Amino acid sequence: MAYTQWYKEMAVYQIWPRSFCDGNGDGIGDLWGVLEKLDYIKSLNVDAIWFSPLYPSPNADYGYDIADYKSIHPDFGDLELFRRVLEEAHKRGLKVFMDLVVNHSSDEHPWFRESRSAKDSPYHDYYYWRPGRKGPLGKRLPPNNWTSLFEGGAWEYDSNLDEYYLHLFAKKQPDLNMSNPKVRAEVKDILRFWLDLGVDGFREDVITFTGKAPGLPNSYPKLPIANGMKYFSNRPEVYDYLREFRDEVLSGYDCFTVGESPLTTADIALRYVTEGENKVLDEMISFSHMEADCFMTDMIRRPFDLKKMKRAFSEWQYKLAGRGWNALYIENHDHARIISRYGSEEYPAESGKMLAAMYILQRGTPFIYQGQEIGMTNIRLPEIGMYKDVASHNNYRIFSKLLGKKKAMELLQYSSRENARTPVQWDSSANAGFSSTRPWFSVNPNYTAVNVAAQEADPGSLLNFYRSLLSYRKSSPLVLYGEYRELYPEDNSFYTYERSYQGKRLLVICHFSSVPHGFMAPADMELIKGRLLFSNYKTHSFNGNGFIARPWELRVYEL
Ligand code: NOJ
């Protein structure tokens with residue numbers, strides 16, 4: 001197989017197409033909008049675009065429920081327009097990655113329609129259809145006690161067949177039966193289709209859920225969300241499926257793969273990403289560093305715990321060092337905005353810059369989510385009727401029952417992933433310059449202050465900070481390949497780490513607080529002799545071999 005290495009030096013920009021830019025004036029982001037913005041994307045010093053799903057979909061989960069794997073949603077354009085975007089992106093040296101969503105399809109996919117038409121349909125076994133169980137007094141019960149991540153029980157009854165189908169996410173997202181070789185043949189066909197069209201790789205949605213334990217056993221203690229995960233997450237079969245996709249398709253192309261992997265530890269990730277003959281994915285998207293202010297689900301809120309975040313980053317940095325490659329991110333379409341979570345809305349520029357350097361200077365491939373580069377923050381929609389996302393509604397339902405509506409709404413305002421799905425704020429004109437008409441989803445009212453145009457004009461903006469940071473990373477073997485070592489892991493106010501490579505050292509000091517704290521560098525690192533590469537303040541004084549850190553202060557020294 002070809003061992004592609006370019007992914008190690010690239011940075012990726014993620015587009016969630018509905019909210020990126022509306023080019024045809026219908027209020028929905030699309031590929032015409034992407035075409036308009038390709039030069040902007042290139043100007044960020046990224047090397048690739050990952051598109052969240054662009055395929056036809058009834059939008060039960062905004063594109064993550066696919067009704068046709070080989071086409072483009074008419075809201076976004078068509079295949080011909082996609083080819084143009086691909087060509088124009090390639091002309092600019094930008095690679096393009098698609099989202100491969102094959103743990104489940106839409107219930108409106110022809111495969112599912114066929115599969116539910118009759119038990120002897122050749123498509124029936126494309127999905128997990130099972131008879132119900134008999135409960136007390138003959139009551140009909142689902143085949144097992146698993147619960148979905150999005151909509152209550154994980155089984156939906158079909159009276160026509162008198163059988164249930166499995167859905168680990170929404171009811172309209174039936175799980176594909178990957179143990180069926182015909183389903184795997186379909187996946188290989190989809191991979192070939194897009195690779196032959198010229199795309200450069202895939203982000204593989206919840207790929208670690210594609211193997212289910214034989215017999216689909218009950219799971220205890222029973223949880224209201226994702227019950228049964230030990231029987232559907234990171235099963236050994238997943239590796240075999242990925243190996244088959246690699247051997248039979250991907251190895252024939254110069255392409256990149258990153259797997260999405262909720263509940264995956266660094267040790268488990270190594271099964272898939274360890275370099276050499278057994279590698280089946282280039283990278284894994286970890287979740288643990290995104291759980292420093294919550295517990296298991298984003299809705300169970302806890303005060304931000306810096307040490308927990310540091311432990312998570314360091315664990316992946318240390319364990320994958322010299323063995324695999326990290327995917328680095330702090331935002332995507334599934335999490336609330338990072339400044340509103342780990343930073344401070346009172347200090348958006350300071351905390352935004354600090355957070356950017358904090359993760360981009362680690363070892364791995366940085367992913368930047370649309371709007372992150374200008375510091376978009378949570379919108380905090382006040383009423384449940386204003387939310388559109390199936391997961392937000394499910395969380396609200398569950399937590400209203402447990403804690404009451406008021407508390408559930410407060411939690412949603414802080415943690416809903418829809419906070420990250422508001423239209424990108426391009427300028428201060430109507431609809432934030434996203435669309436000439438009323439957008440499909442609420443625009444954050446802070447767009448008049450926080451927008452791309454304003455930050456283009458300001459050399460000290462967060463946007464321009466991202467540009468310099470990404471340009472420096474690209475040209476620095478120290479950042480790309482240097483060793484990582486965390487300093488002061490027990491400190492509650494600073495995240496400090498060192499990168500070292502061929503006698504050169506970089507010291508990254510990140511202050512996580514709105515109130516001042518003293519920082520002291522180790523004696524063998526003389527700050528005053530170092531070169532200050534990045535900072536989020538204009539002046540820099542010292543206090544011994546350290547300094548009194550101002551709110552959210554960042555200093556990056558080359559020593
Ligand atoms: C992970 C995706 O990122 C998320 O947006 C989606 O809802 C689930 N997988 C289900 O496809």
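Every heavy atom of this structure was used, including side-chain atoms; hydrogens, water molecules and symmetry mates were not. Note that the structure is predicted; figures quoted are calculated from it, not measured. Counting from 1, the numbers follow the sequence of the chain as shown.
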Cationic N near anionic O, under 4.0 Å, [X] to [Y]:
X: E275; Y: K279; value: no
X: K91; Y: E88; value: yes
X: D47; Y: K474; value: yes
X: K188; Y: E244; value: yes
X: D389; Y: R417; value: yes
X: D68; Y: K70; value: no

Please check this pair: side chain of [X] against backbone of [Y], looking for a donor-acceptor N/O pair closer than 3.5 Å.
X: S261; Y: T264; value: no
X: R531; Y: L559; value: no
X: S251; Y: R246; value: yes
X: T422; Y: E418; value: no
X: E260; Y: D205; value: no

Side-chain donor-acceptor pair present, [X], [Y], cut-off under 3.5 Å:
X: Q362; Y: N326; result: no
X: T377; Y: E345; result: no
X: Q14; Y: Q370; result: no
X: S57; Y: H73; result: no

Take S435 and D22 through the side chain to side chain donor-acceptor pair (under 3.5 Å) test and state the conclusion after the steps.
CA-CA 5 Å; S435 173; D22 172 16; 2.7 Å; yes
Are [X] and [Y] close enough that their ring centers fall under 6.0 Å?
X: Y13; Y: F367; answer: no
X: F512; Y: Y342; answer: no
X: F434; Y: Y447; answer: no
X: F97; Y: W194; answer: no
X: F169; Y: Y64; answer: no
X: Y495; Y: H511; answer: no

Are more than 12 heavy atoms, taken from residues, nucleotides or ligands other than [X], located less than 6.0 Å from that residue's [atom1] atom?
X: E346; atom1: CD; value: no
X: R243; atom1: CZ; value: yes
X: R84; atom1: CZ; value: no
X: K504; atom1: NZ; value: no
X: E456; atom1: CD; value: yes

Does [X] make a cation-pi contact with [Y], if we ask for NZ or CZ under 6.0 Å from the ring centre and within 45° of the axis?
X: K95; Y: W6; value: yes
X: R421; Y: F441; value: no
X: R18; Y: Y62; value: no

List the steps, then state whether side-chain contact (heavy atoms from CB on, under 4.5 Å) holds for M309 with M358.
CA-CA 11 Å; M309 186 201 78; M358 182 274 294; 4.0 Å; yes
Measure up the [X] and [Y] rings against each other and bin them: parallel (under 30°), tilted (30 to 60°), perpendicular (over 60°).
X: Y369; Y: H333; result: tilted
X: W426; Y: F20; result: perpendicular
X: Y484; Y: Y497; result: tilted
X: W440; Y: W16; result: tilted

Which atom pair, heavy atoms only, marks the closest approach of [X] to [Y]?
X: N536; Y: E553; answer: OD1-CA, 3.5 Å
X: P522; Y: L487; answer: CG-CD2, 3.4 Å
X: P366; Y: Y359; answer: CB-CE1, 4.3 Å
X: G63; Y: P53; answer: O-CB, 3.1 Å

Here's a test for you: under side-chain hydrogen bond (donor to acceptor under 3.5 Å, both in side chains), which of R363, E9, R499 qualifies with Y481?
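The passing option is E9.
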Could you go through L355 and Q372, starting from their C-alpha distance and side-chain angles, then the distance that decides it, and tell me whether this counts as side-chain contact (heavy atoms from CB on, under 4.5 Å)?
CA-CA 10 Å; L355 290 163; Q372 176 189 332; over 6 Å; no
